[in-house]
Amino acid sequence: MLHRKIYQLCCDGREVCVFLRDQQRWIERARITDIEGDLVTLRYETEEEDEVCSWEEMVRLESIGAVTQKLASVPRGNVEPLLTEDCPEAERIRNRFTDSNPE
């Protein structure tokens, strides 16, 4: 089951956070770039002092304890949220009760 989900995330190219059980650490903002057998290849970046480091790490499928992904984010501060009227017509969610009502 986990193998199929990781494969799906690899195909989607989404950014994920991966918890490695054997090392008891999280790898944040990673992309799953390849799956070969029981090896999963992760790419991610870290910021250390004044430099950004890019990493590619291969981990065994059995060492992955959890995979999370961000679904949405909202900026903090004095930002006006977008309202339905600001959304393009094609992306609006219709109220199924008013659309299906013939009256």
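Everything numeric in this text was worked out from a predicted model, so none of it was measured. Along the sequence shown, the residues carry numbers beginning at 1.
- With sequence neighbours excluded, the residues that form a side chain to side chain contact (heavy atoms under 4.5 Å, CB included) with Cys11 are Tyr7.
- Residues that satisfy the salt bridge (charged side-chain N to carboxylate O under 4.0 Å, His left out) test with Asp12, not counting sequence neighbours, are Arg14.
- The salt bridge (charged side-chain N to carboxylate O under 4.0 Å, His left out) pairs that include a residue from residues 40-50 are Arg43-Glu56, where partners are two or more places apart or lie in different chains.
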- [ ] Begin with the C-alpha distance, continue with both residues' side-chain angles, and end with the deciding distance and a verdict on side chain to side chain contact (heavy atoms under 4.5 Å, CB included) for Gln69 and Leu9.
- [x] CA-CA 9 Å; Gln69 63 182 354; Leu9 292 169; 3.3 Å; yes
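- Inter-residue side-chain proximity for Val18 and Glu57 is flagged as unmet; no heavy-atom pair is nearer than 4.5 Å.
- There is no path of hydrophobic side-chain contacts, each under 4.5 Å, that joins Leu39 to Ile35.
- Every residue two or more places apart in sequence or in another chain was checked for a salt bridge (charged side-chain N to carboxylate O under 4.0 Å, His left out) with Arg4, and none qualifies.
- Its side chain outside the 4.5 Å cluster rule for every partner, Val52 clusters with none of the Ile, Leu, Val, Met, Phe, Trp and Tyr residues.
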Between side-chain atoms of residues 26-33 and protein atoms elsewhere (two or more places apart, or another chain), which donor-acceptor pairs fall under 3.5 Å?
residue : atom : partner : partner atom : Å
Arg31   : NH1  : Gly13   : O            : 2.4
Thr33   : OG1  : Thr41   : O            : 3.4

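- Every salt bridge (charged side-chain N to carboxylate O under 4.0 Å, His left out) that Asp38 has, sequence neighbours left out, goes to Arg60.
- By the side-chain hydrogen bond (donor to acceptor under 3.5 Å, both in side chains) test, Lys70 is found to be paired with no residue, residues two or more places apart in sequence or in another chain being considered.
- Residues Cys10 and Asp34 come closest through the heavy atom pair SG-N, 3.9 Å.
- Each of Ile64 and Phe19 belongs to its own hydrophobic cluster when Ile, Leu, Val, Met, Phe, Trp and Tyr are linked at side-chain heavy-atom distances under 4.5 angstrom.
- Hydrophobic clustering (side-chain heavy atoms under 4.5 Å, transitive across Ile, Leu, Val, Met, Phe, Trp, Tyr) groups Tyr44 together with Leu61.
- Considering only residues two or more places apart in sequence or on other chains, Ser63 meets the side-chain hydrogen bond (donor to acceptor under 3.5 Å, both in side chains) condition with none of them.
- Within a 6.0 Å sphere centred on CD of Gln24, heavy atoms belonging to other residues, nucleotides or ligands number more than 12.
- Connectivity analysis of hydrophobic side chains (ILVMFWY, heavy atoms under 4.5 Å, direct or indirect) links Met58 to nothing; its cluster partners are none.
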